[in-house]
Amino acid sequence: MATTDESYVEGQNGSLVSYMIDIVEKWTGLEILEGSLNYLDYLLWVFTPLIIVFILPLFIILFLYLSILFLHVYKRKRELKVAYSNNVWDGARKTLATLWDGHATIWHGYEVHGLEKIPDAGPALIVYYHGAIPVDYYYFLAKVIIQKGRTCHSVADHFLFKLPGFKLLLEVFSVMHGPQEECVKALKSGHLLAISPGGVREALFSDETYGIFWRGRKGFAQVAIDAQVSIIPMFTRNIREGFRTFGCFGICKWLYEKFRWPFVPIYGGFPVKFCTYLGDPIPYDPNITAAELAEKVISFPFIVLLGNWAHRYLTGGGAVCGNNPL
């Protein structure tokens with residue numbers, strides 16, 4: 001009987017303690033705090049994938065600034081050793097090319113098909129489609145430096161020249177803003193030159209359908225005619241599957257047209273396979289007009305895309321890479 005009474009008293013005490021704890025939680029707000037923390041955990045679980053897809057593109061920017069930092073360190077080191085060497089930046093370019101090539105291989109399984117079409121010496125104009133972030137072009141440059149031992153001059157939008165710290169990077173890798181006369185001069189000096197006629201507008205406002213934003217543009221074709229060089233078309237399969245933009249919003253287009261700065265959110269960085277295809281060189285023809293030459297070049301991305309879509313339709317699979325775009 002005593003045991004029963006003791007159990008009853010303990011039960012009463014337990015209930016009293018639980019009651020007192022409930023009162024304290026309500027009085028201090030701990031109950032509400034616990035509920036809020038659970039809600040925050042839920043929100044974090046929901047939005048983590050979205051946070052990741054916006055953070056990954058920042059790693060490309062971080063990698064670019066790390067490249068710039070390396071160049072500054074290398075510059076100080078080389079100034080002490082070889083102050084007047086003609087090839088003072090060769091070692092830096094090859095080192096950075098190796099790092100970018102490693103990133104391309106590990107993260108995107110990057111491949112280039114047709115690199116043998118890039119001449120070992122002499123000029124050529126490379127014309128390519130501009131992804132949301134042209135990381136495929138960075139990877140291609142790395143391949144050219146490593147396997148061809150050449151530096152490819154590049155034409156870039158003016159806003160890149162205004163980014164803090166980018167001046168040295170652009171100089172070392174022979175990036176220019178133009179105009180056509182400078183492009184012709186570079187080609188006549190025997191250099192490789194790469195141009196994306198669609199530029200930033202294509203980067204921001206094209207989408208997974210790979211809309212081409214350089215119809216009607218023929219300046220690049222006129223450059224090839226004036227310099228009397230071949231054009232090598234280039235396109236990277238899956239580049240829009242790796243990085244995308246919110247360029248569909250009208251406010252983004254208005255801001256770009258107003259200020260000429262890329263005020264468009266970019267997301268992605270997905271580890272999809274990138275394959276760059278180089279088409280057969282289109283030789284210089286004195287009897288062809290710039291408009292006709294531009295139309296020849298613009299067909300190449302559609303040839304690669306046609307092969308990609310045909311594969312998806314016939315196999316029901318995703319995008320793949322192969323030695324032949326068709």
Side-chain angles (χ1 to χ4, degrees), residues 86-87 89-98 100-101 104 110-130 134-156 170-176 178 180-197 214 218-237 239 274-288 290 292-301 303-304 321-325:
N86 292 327
N87 299 315
W89 292 113
D90 280 355
R93 279 190 288 261
K94 289 178 181 177
T95 301
L96 288 177
T98 302
W100 280 90
D101 189 56
Y110 183 66
E111 298 176 5
V112 178
H113 299 283
L115 192 62
E116 69 280 358
K117 297 171 184 177
I118 301 295
D120 295 327
L125 178 62
I126 301 163
V127 178
Y128 65 97
Y129 171 86
H130 202 305
V135 66
D136 59 317
Y137 179 66
Y138 306 155
Y139 297 157
F140 168 74
L141 282 182
K143 291 286 187 187
V144 171
I145 292 171
I146 294 169
Q147 298 188 26
K148 291 287 184 176
R150 303 193 64 183
T151 301
C152 183
H153 291 224
S154 308
V155 177
L170 299 177
E171 288 179 355
V172 171
F173 285 92
S174 304
V175 181
M176 66 179 76
Q180 287 189 17
E181 293 76 13
E182 290 298 317
C183 295
V184 172
K185 182 180 178 181
L187 289 168
K188 286 187 174 181
S189 298
H191 298 295
L192 296 172
L193 177 67
I195 298 176
S196 175
W214 28 296
K218 53 187 180 181
F220 70 94
Q222 191 60 56
V223 166
I225 292 172
D226 292 345
Q228 300 182 8
V229 299
S230 299
I231 292 180
I232 302 175
M234 187 177 91
F235 181 79
T236 298
R237 179 178 286 173
I239 186 61
F274 289 165
C275 292
T276 293
Y277 293 95
L278 294 162
D280 293 330
I282 302 172
Y284 166 69
D285 183 352
N287 299 316
I288 196 173
E292 292 170 338
L293 181 56
E295 283 301 316
K296 282 188 175 183
V297 178
I298 201 173
S299 64
F300 183 72
I303 292 174
V304 178
C321 295
N323 291 325
N324 195 318

Can you tell me how far [atom2] of [Y] sits from [atom1] of [X], rounded to the nearest 0.5 angstrom?
X    : Y    : atom1 : atom2 : result
L141 : L96  : CG    : CG    : 11.5 Å
F220 : I195 : CZ    : CD1   : 8.5 Å
L193 : I232 : CG    : CD1   : 11.5 Å
L187 : D226 : CG    : CG    : 10.0 Å
H153 : F173 : NE2   : CZ    : 12.0 Å
I126 : I231 : CD1   : CD1   : 11.0 Å

Open item on the list: I want to know whether F235 and Y277 have ring centres closer than 6.0 Å.
Closed with: no
TODO: For W214 and V127, run side chain to side chain contact (heavy atoms under 4.5 Å, CB included): C-alpha distance rounded to whole Å, both residues' side-chain angles, the deciding distance at 0.1 Å, then the answer.
DONE: CA-CA 11 Å; W214 28 296; V127 178; 4.0 Å; yes
Task: From CA spacing to verdict: side chain to side chain contact (heavy atoms under 4.5 Å, CB included), I239, Y129 - done: CA-CA 9 Å; I239 186 61; Y129 171 86; 4.0 Å; yes
Where [X] and [Y] come nearest, the two heavy atoms and their spacing:
X    : Y    : result
P233 : D280 : CD-O, 3.7 Å
P281 : S230 : CB-CB, 4.2 Å
V229 : P123 : CG1-CG, 3.7 Å
I288 : D285 : CG2-O, 3.1 Å
M176 : A186 : CE-CB, 3.9 Å
Q180 : G219 : NE2-CA, 3.5 Å

For residues 144-152, please give each side-chain donor-acceptor pair under 3.5 Å, one per line with the distance, not counting sequence neighbours.
from : atom 1 : to   : atom 2 : distance (Å)
K148 : NZ     : I118 : O      : 2.8
K148 : NZ     : D120 : OD1    : 2.9
R150 : NH1    : P119 : O      : 2.9
R150 : NH1    : G122 : O      : 2.9
R150 : NH2    : G122 : O      : 2.9
R150 : NH2    : G190 : O      : 3.0
T151 : OG1    : R93  : NE     : 3.4

Open item on the list: Looking at K218, I want to see if its NZ is surrounded by more than 12 non-hydrogen atoms of other residues, nucleotides or ligands under 6.0 Å.
Closed with: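 Result for NZ/K218: open.
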- [ ] Might you confirm whether atom NZ of K117 has over 12 heavy atoms from other residues, nucleotides or ligands at distances under 6.0 Å?
- [x]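 Count over threshold, so yes.
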Open item on the list: Test of understanding: with ring pair (Phe, Tyr, Trp, His ring centres under 6.0 Å), list the residues that count as partners of F140, not counting sequence neighbours.
Closed with: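 Testing F140 for ring pair (Phe, Tyr, Trp, His ring centres under 6.0 Å), a comparison that skips the adjacent residues, returns none.
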TODO: Indicate yes or no: at least one non-hydrogen side-chain atom of Y139 is less than 4.5 angstrom from one of T236.
DONE: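 With C-beta onward as the side chain, the pair stays apart.
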TODO: Hey, can you tell me if W100 and Y138 have their rings parallel, tilted or perpendicular (30° and 60° cut-offs)?
DONE: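 The rings of W100 and Y138 stand perpendicular, inter-plane angle above 60°.
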Task: Verdict with supporting geometry, Y137 and S196, side chain to side chain contact (heavy atoms under 4.5 Å, CB included) - done: CA-CA 10 Å; Y137 179 66; S196 175; over 6 Å; no
